[in-house]
Amino acid sequence: MRTQALWFYAIYSYVLNVHAASWTAEIPQTISALLGSCVVVPCKFNYPDPPKKPPEMTGIWHMTDYQPIYHPDSSKVMEKFRGRTNLIGDLARKNCSLRINHLKKKDNGPFIFRIEIRDFKMYSYTDNMVSIDVQDYPASPLLTVSGEVKAGDAVTASCSVSHSCPTELPHLIWSRSGTTTIQSEELPNGQWRVTSSLTFTATHPDHNQHLICTAKYQQVTSVQSSKILNVAYAPVRVEVEPESTVVKEGDAVEMQCSSDSNPPAHGYQWYNTTGTLLSEEQIYKLHNVSRHTKALYCEAINTEGHKNSTPAKISVEYPPSIGAQSGCVAEITGVNCRCLVESRPASRVQWKLADGKTENSSSFHSTDGQDSATVHTLHFHLGLTDVVSCYASNKHGNVTRVLETNRGGVLMAIYLSGSAASAFVLILVILLLWKCSRRKKRDDQHVGTQENIAPAKSHSRGKGPVEDPSATGGDNIYVNSETPYFEEEEEEEEVDYENSFKEDVYANM
């Protein structure tokens with residue numbers, strides 16, 4: 001009874017071991033690979049335990065007709081596979097992976113793995129054949145970009161491709177600069193995936209631009225994928241059209257505001273250079289433009305922000321006008337005339353004299369830096385004319401202004417200035433003659449007086465009292481024989497000189 005039990009246990013253990021370690025393999029049925037690249041066939045196998053451990057094994061890959069595509073003895077390998085196949089798996093670890101380099105179009109299989117265990121058994125895993133799908137071109141990369149993008153935000157994009165050759169990774173190239181990272185991972189069925197991640201800061205020029213990822217393989221085959229970036233940004237390049245316009249005073253002008261923004265601008269505002277709000281329409285119409293119309297600029301507004309344009313200049317043309325500051329000034333050296341002309345475009349200015357002559361300006365200069373207001377000057381000598389006309393004209397009209405020279409006053413000033421020396425000499429002569437006449441008269445009076453007072457004492461030249469016998473009441477009369485005459489003479493002479501000088505001056509005039 002005991003013997004039967006032991007026999008039954010031995011049979012059960014043998015059956016269990018055979019089931020647990022049977023001839024099995026894990027090999028994909030089909031693998032996609034790129035023409036000219038390499039392919040790695042992943043392979044895992046199992047077998048019943050041989051009596052001798054560790055066993056001596058030989059791994060072989062062959063066609064269905066048992067022609068080897070790989071054998072440790074290369075002389076046994078088919079000519080078309082010789083030197084292109086390698087068993088990269090470790091048989092001791094039950095790994096039978098095969099590598100085929102420089103894949104050709106006819107390297108499609110199917111291929112079978114065979115294990116030969118010395119002093120045990122040989123087995124071909126015909127139930128686990130693998131075929132190679134040799135593709136002429138690789139699949140396009142898978143490109144993804146993070147969600148909504150705004151100018152100034154960080155953007156992350158990823159590009160990935162699948163391949164069958166882990167030792168020859170495809171080279172992923174981006175069309176935009178940024179920070180990149182590379183990652184590789186193994187996939188089922190003999191495939192690998194390489195992924196490149198790009199991080200960059202979005203700007204408004206990136207909007208509507210293609211972000212391109214190119215996968216370049218070792219056999220100089222390349223494929224690419226692209227996505228159009230949608231970047232939201234505030235208005236940029238806000239412009240007024242026309243940027244500069246020329247109109248005639250009194251005409252109307254129409255100006256339009258445009259901008260580059262995403263989303264498009266939903267509002268526009270017009271201002272002059274003083275900051276006054278003029279309109280809130282995209283098109284602004286000015287009626288009856290004048291020379292005093294200031295430059296304009298517009299502001300574009302969207303959900304991301306706003307921006308102003310540069311000022312748009314309106315060049316208003318008008319006929320000439322001559323300012324009231326124009327006139328002539330007469331001087332001894334001649335007459336200087338000044339004509340202030342305001343016009344656009346600048347006027348042609350001429351001077352017209354009363355004698356019919358026409359003179360060009362001696363010089364002119366701009367007063368506002370834009371030639372809209374110019375000062376023209378003319379210099380001429382006295383005696384030519386009493387009236388000067390300033391004539392200004394441009395393509396929009398002409399104007400004339402008469403300027404008086406005040407020539408008569410200048411001639412009188414010259415006459416007085418020229419005869420000043422003669423008049424002075426004449427006055428001196430008159431005064432000398434008058435003084436001589438007065439002195440002669442006093443001398444005659446003095447002689448008569450001395451004769452009348454002869455009976456007086458002989459020392460009449462003294463300063464003592466002189467008794468006048470004809471005086472009544474016996475009063476004494478003190479007479480100075482010289483000094484009173486001279487004092488009286490000097491006083492009279494001063495008064496008469498002043499009157500006489502005035503008479504002479506008025507007479508001369």
Side-chain angles (χ1 to χ4, degrees), residues 28-42 97 99-100 103 130-237 259-266 302-305 307:
Q29 291 183 354
T30 304
I31 296 178
S32 295
L34 180 63
L35 180 67
S37 183
C38 79
V39 62
V40 173
V41 178
S97 297
R99 172 176 172 143
I100 305 175
L103 201 62
V130 60
S131 297
I132 308 299
D133 181 15
V134 182
Q135 299 178 350
D136 295 327
Y137 299 100
S140 297
L142 177 62
L143 177 60
T144 61
V145 181
S146 57
E148 182 180 358
V149 178
K150 291 187 176 182
D153 291 350
V155 179
T156 300
S158 66
C159 177
S160 61
V161 291
S162 297
H163 62 97
S164 60
C165 188
T167 59
E168 297 178 358
L169 297 180
H171 186 40
L172 299 179
I173 304 170
W174 291 96
S175 61
R176 195 191 189 287
S177 61
T179 302
T180 57
T181 57
I182 302 295
Q183 181 181 4
S184 181
E185 58 182 326
E186 184 177 2
L187 302 176
N189 298 324
Q191 297 294 299
W192 277 262
R193 179 167 58 206
V194 59
T195 302
S196 175
S197 297
L198 171 70
T199 302
F200 63 94
T201 301
T203 61
H204 77 266
D206 291 322
H207 178 62
N208 279 338
Q209 296 298 312
H210 289 269
L211 180 63
I212 303 172
C213 174
T214 302
K216 188 174 182 180
Y217 294 80
Q218 295 296 327
Q219 65 278 13
V220 197
T221 301
S222 63
V223 289
Q224 63 182 26
S225 293
S226 68
K227 280 191 175 294
I228 297 177
L229 296 176
N230 185 12
V231 181
Y233 57 95
V236 295
R237 292 194 296 273
S259 68
D260 176 11
S261 64
N262 184 40
H266 63 263
N302 76 347
T303 56
E304 301 299 317
K307 185 177 178 61

Between [X] and [Y], is any side-chain donor less than 3.5 angstrom from a side-chain acceptor?
{"X": "S222", "Y": "T214", "value": "no"}
{"X": "W192", "Y": "S164", "value": "no"}
{"X": "T167", "Y": "R99", "value": "yes"}
{"X": "D206", "Y": "Y233", "value": "no"}

Next item on the list: Would you indicate whether the side-chain heavy atoms of V161 and L172 approach each other to under 4.5 Å?
Entry: yes
Note to self: When you compare the side chain of N230 with that of V149, does any pair of heavy atoms fall below 4.5 Å?
What the structure shows: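 No - every pair of side-chain heavy atoms lies 4.5 Å or more apart.
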Output the distance between atom [atom1] ([X]) and atom [atom2] ([Y]), rounded to the nearest 0.5 Å.
{"X": "K307", "Y": "N302", "atom1": "NZ", "atom2": "CG", "answer": "12.5 Å"}
{"X": "S197", "Y": "I182", "atom1": "OG", "atom2": "CD1", "answer": "8.0 Å"}
{"X": "E186", "Y": "R193", "atom1": "CD", "atom2": "CZ", "answer": "12.0 Å"}
{"X": "N262", "Y": "N208", "atom1": "CG", "atom2": "CG", "answer": "7.0 Å"}
{"X": "L35", "Y": "L103", "atom1": "CG", "atom2": "CG", "answer": "7.0 Å"}
{"X": "I132", "Y": "I100", "atom1": "CD1", "atom2": "CD1", "answer": "5.5 Å"}

Notebook entry, point to check: Which pair of heavy atoms, one from S146 and one from V155, lies closest together, and at what distance?
Noted result: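 The pair with the smallest heavy-atom distance is OG-CG1, 3.8 Å.
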Notebook entry, point to check: Which atom names give the shortest non-hydrogen contact between L143 and C213, and what distance separates them?
Noted result: CD1-CB, 4.3 Å
Tell me whether [X] contacts the main-chain N or O of [Y] through its side chain, where contact means a donor paired with an acceptor under 3.5 Å.
{"X": "Q29", "Y": "S131", "result": "no"}
{"X": "H210", "Y": "I212", "result": "no"}
{"X": "D260", "Y": "V236", "result": "no"}
{"X": "S261", "Y": "P263", "result": "yes"}
{"X": "T201", "Y": "D153", "result": "no"}
{"X": "N189", "Y": "P28", "result": "no"}

Note to self: Under the criterion side chain to side chain contact (heavy atoms under 4.5 Å, CB included), I'd like the reasoning laid out for V145 against L211: C-alpha separation, chi angles, the key distance, then a yes or no.
What the structure shows: CA-CA 9 Å; V145 181; L211 180 63; 4.1 Å; yes
Note to self: Can you confirm whether E185 is buried at CD, in the sense that more than 12 heavy atoms of other residues, nucleotides or ligands lie under 6.0 Å from that atom?
What the structure shows: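 Atom CD in E185 is crowded, with more than 12 foreign heavy atoms closer than 6.0 Å.
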Note to self: One pair to check against side chain to side chain contact (heavy atoms under 4.5 Å, CB included): V194 and H163. What are the steps and the verdict?
What the structure shows: CA-CA 8 Å; V194 59; H163 62 97; 4.3 Å; yes
Next item on the list: For the pair T180 and W174, evaluate side chain to side chain donor-acceptor pair (under 3.5 Å) and give the outcome as yes or no after the intermediate values.
Entry: CA-CA 9 Å; T180 57; W174 291 96; 5.9 Å; no
